[in-house]
Asks: 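Structure below; questions to follow.
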Amino acid sequence: MIQATLHQLKVFETVARHGSFTKAAEELYITQPTVSSQVKQLTQAVGLPLFEQIGKQLYLTAAGRELSATCHDIFEQLDNFEMKVADLKGMKQGKLRLAVVTTAKYFVPRVLGSFCQKYPGIDVSLQVNNHQELICRMQDNLDDLYILSQPPEDLDLCAEPFLDNPLVVVARRDHPLAKQRNIPIKQLTGEAFIMREPGSGTRKAVQNLLDKHKVKVQVRLELGSNEAIKHAIAGGLGISVLSKHTLVWENVSGELTILDVQHFPIQRRWYVVYLGGKHLSVVAQTFLEYLIQETQHTPELAMLA
C-alpha cells in the first residue's frame, strides 16, 4: 500500500487543480517550498512522476491523472462522511456545489438565501454558466446539482422538473405589434430579431418553433446575456424570446412588453439534475427537497406558471 498522508494528497490535488505550485500555496496558506516538499514525498511514495513541466506549464503525467481522479473520490467521500456525522448529530453542515444556467440566476439566489438562513451551517458554491459550459461541468462531475431547462439526452442523468419556464416574445412597449392580440406567428417573418448565442437552450427552442411554422426572422444581433438582450430591445434594435423569469425584479422591464403571439409561450420546465448513479450528500439531498418545496410556495415564482 502506498504510504501517503491526507495532507500530501490535499496538496497534490490543489496543485493539480491549479496547474501551479504557487497558486496551490496561496490557497492552502503554506509556503511554496512546503508544497514542493509534500509533492516530492508523495512522488517518492508512488514511485512514478506525477507532474512534468514543459516550458513554464505544469502537466499531470498518466500516474498523476489517475491519482487526481482518486483524490477527487477520496475527498468527496470524506465530505459526505462529515455531512452524515453532522446529520446524525441533528445538524445540517457541509458544502453544496451548485451549477446553474445563466437564466436561472433570476430565481436561484432567492431560494439559496432562504435555504442558507434555515441551514446556516451549509456553505454554498454557486457557478453560473451558459448551457455548453454547464454540460462540460456535468461531464467532469464538478458539482452536486445542476439547474437547467434542457437536460442533455446523451448523459445518464436523474432529472426532476420543479418549475415552469415559459419563453415569451418580448418587444419595446411602442412596438407596432404591442397592442395587437392573438398575433399569427407568421407575422414575425422578417422581424428584426435578437437571438441568444449558438448552443443556448433558449435559442434551440425558439429556432425549432420558427422552423416548424416556416417563419424566417432577420437575426440582427446574437448576444450571450439576457441583460444585454433586454437593453438591446429597449434600444429599439429588435424583438427577442426570453424566459419570463428574466422580466421579474428588473427595472428595465418597465420599458418592455410581452407580445401576444400564437404558439407562445413555449412551455418549458426547469429541472434539477444530477449524474445517474451519484449518491447525493446529505446537504445536496436537503437542498433538492427544499428547492422543490420552496418554488411551489413562492408567490413571485408561482405567478410565472
Side-chain angles (χ1 to χ4, degrees), residues 72-166 201-202 243-245 248 267-305:
H72 182 274
D73 292 340
I74 289 172
F75 292 121
E76 184 175 55
Q77 289 298 318
L78 285 173
D79 285 345
N80 287 342
F81 174 72
E82 290 178 0
M83 294 177 202
K84 288 176 182 177
V85 169
D87 192 48
L88 290 171
K89 293 178 179 178
M91 300 179 291
K92 290 285 189 291
Q93 293 181 349
K95 186 166 186 176
L96 171 68
R97 290 177 288 266
L98 182 65
V100 307
V101 291
T102 51
T103 307
K105 70 181 182 181
Y106 292 96
F107 66 88
V108 168
R110 295 176 67 90
V111 177
L112 279 176
S114 57
F115 177 75
C116 290
Q117 287 178 358
K118 185 173 183 179
Y119 302 106
I122 294 177
D123 295 323
V124 179
S125 169
L126 176 64
Q127 297 289 327
V128 181
N129 306 95
N130 66 31
H131 185 80
Q132 295 290 5
E133 291 168 341
L134 199 72
I135 301 307
C136 290
R137 294 188 68 86
M138 275 187 202
Q139 292 170 334
D140 292 337
N141 189 26
L142 295 180
D143 311 281
D144 299 314
L145 297 169
Y146 304 87
I147 293 176
L148 71 169
S149 193
Q150 188 180 7
E153 298 179 356
D154 57 344
L155 291 178
D156 179 20
L157 300 173
C158 296
E160 189 161 352
F162 66 91
L163 186 67
D164 286 339
N165 179 27
T202 298
S243 167
K244 200 172 180 182
H245 288 278
V248 180
Q267 296 297 344
R268 305 178 83 205
R269 297 277 280 163
W270 285 111
Y271 292 84
V272 57
V273 171
Y274 57 94
L275 293 175
K278 184 180 181 74
H279 295 288
L280 291 181
S281 68
V282 171
V283 167
Q285 184 64 43
T286 300
F287 178 74
L288 188 153
E289 294 170 0
Y290 184 85
L291 173 70
I292 293 172
Q293 179 179 3
E294 185 70 10
T295 50
Q296 304 307 312
H297 297 92
T298 303
E300 294 92 341
L301 298 178
M303 174 184 72
L304 297 175

Asks: Please tabulate, one pair per line, all N/O donor-acceptor pairs under 3.5 Å involving side-chain atoms of residues 122-136, not counting sequence neighbours.
Replies:
from   : atom 1 : to     : atom 2 : distance (Å)
Asn130 : OD1    : Gln132 : N      : 3.2
Asn130 : OD1    : Glu133 : N      : 2.8
Glu133 : OE1    : Asn130 : N      : 3.2

Asks: Could you check whether any side-chain N or O of Asp144 sits under 3.5 Å from a backbone N or O of Ala284, counting only pairs where one atom can act as donor and the other as acceptor?
Replies: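 Between the backbone of Ala284 and the side chain of Asp144 there is no qualifying donor-acceptor contact (under 3.5 Å).
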Asks: Grab the two heavy atoms, one from Pro152 and one from Leu148, that are nearest each other, plus how far apart they are.
Replies: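 In terms of heavy atoms, the two residues are closest at CD-CD1, 4.2 Å.
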Asks: Do Asn141 and His72 make a side-chain contact, defined as non-hydrogen atoms from C-beta onward lying under 4.5 Å apart?
Replies: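 Sidechains of His72 and Asn141: in contact.
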Asks: If you round to the nearest 0.5 Å, how far is OH of Tyr271 from CG of Asn165?
Replies: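 Reported to 0.5 Å precision, the distance equals 10.5 Å.
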Asks: Do Pro166 and Arg268 come close enough that some side-chain heavy atom pair is under 4.5 Å?
Replies: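 Not in contact.
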Asks: Within the structure provided, determine whether Lys95 and Val283 are in side-chain contact (heavy-atom separation under 4.5 Å).
Replies: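 When only atoms from C-beta onward are counted, Val283 and Lys95 do not touch, as no gap falls below 4.5 Å.
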Asks: Any chance you could measure Leu112, atom CG, to Lys105, atom NZ, to the nearest 0.5 Å?
Replies: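 Reported value, rounded in 0.5 Å steps: 14.5 Å.
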Asks: Testing the basics here: between Pro109 and Ala104, what is the closest heavy-atom pair and its distance to 0.1 Å?
Replies: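 Nearest pair, atom of Pro109 first, then Ala104: CD-O, 4.1 Å.
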Asks: Does the ring centre of Phe287 sit less than 6.0 Å away from the ring centre of Phe115?
Replies: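 Between Phe287 and Phe115, which both carry aromatic rings, the centre distance is below 6.0 Å.
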Asks: What heavy-atom pair brings Leu275 and Met138 nearest, and what distance separates the two atoms?
Replies: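 Taking every non-hydrogen atom into account, CD1-O, 3.5 Å.
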Asks: Measure across Arg137 and Ala99 and return the closest heavy-atom pair with its distance rounded to 0.1 Å.
Replies: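 Heavy-atom minimum between the residues: NE-CB, 4.1 Å.
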Asks: Could you check whether any side-chain heavy atom of Val100 comes within less than 4.5 Å of a side-chain heavy atom of Tyr146, counting everything from C-beta outward?
Replies: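 Result no, sub-4.5 Å side-chain heavy-atom pair not found.
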Asks: Does any part of the side chain of Leu157, heavy atoms only, come nearer than 4.5 Å to the side chain of Tyr274, both counted from C-beta?
Replies: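 Not touching, per the 4.5 Å side-chain cut-off.
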Asks: Could you go through the side-chain contact (heavy atoms from CB on, under 4.5 Å) check for Leu280 and Leu145 one step at a time?
Replies: CA-CA 9 Å; Leu280 291 181; Leu145 297 169; 4.0 Å; yes
Asks: Could you walk me through whether Ser243 and Tyr106 pass the side-chain hydrogen bond (donor to acceptor under 3.5 Å, both in side chains) check?
Replies: CA-CA 10 Å; Ser243 167; Tyr106 292 96; over 6 Å; no
Asks: To the nearest 0.5 Å, what is the distance between CD1 on Ile147 and OG1 on Thr103?
Replies: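 The CD1 atom of Ile147 sits 12.5 Å away from the OG1 atom of Thr103.
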Asks: To the nearest 0.5 Å, what is the distance between CG (Leu155) and CD (Glu153)?
Replies: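 Leu155 CG to Glu153 CD: 10.5 Å, rounded to 0.5 Å.
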Asks: Roughly how far apart are Glu289 CD and Gln285 CD, rounded to 0.5 Å?
Replies: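 Going from CD on Glu289 over to CD on Gln285, the span is 4.5 Å.
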Asks: Rounded to the nearest 0.5 Å, what's the gap from CG on Leu291 to CZ on Phe162? Could you check?
Replies: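 Rounded to the nearest 0.5 Å, the CG-CZ separation comes to 4.5 Å.
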Asks: Among residues two or more places apart or on two chains, list those pairs meeting salt bridge (charged side-chain N to carboxylate O under 4.0 Å, His left out) that have a residue in residues 269-283.
Replies: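 Pairs touching residues 269-283 that pass the test: Glu76-Lys278, Asp164-Arg269.
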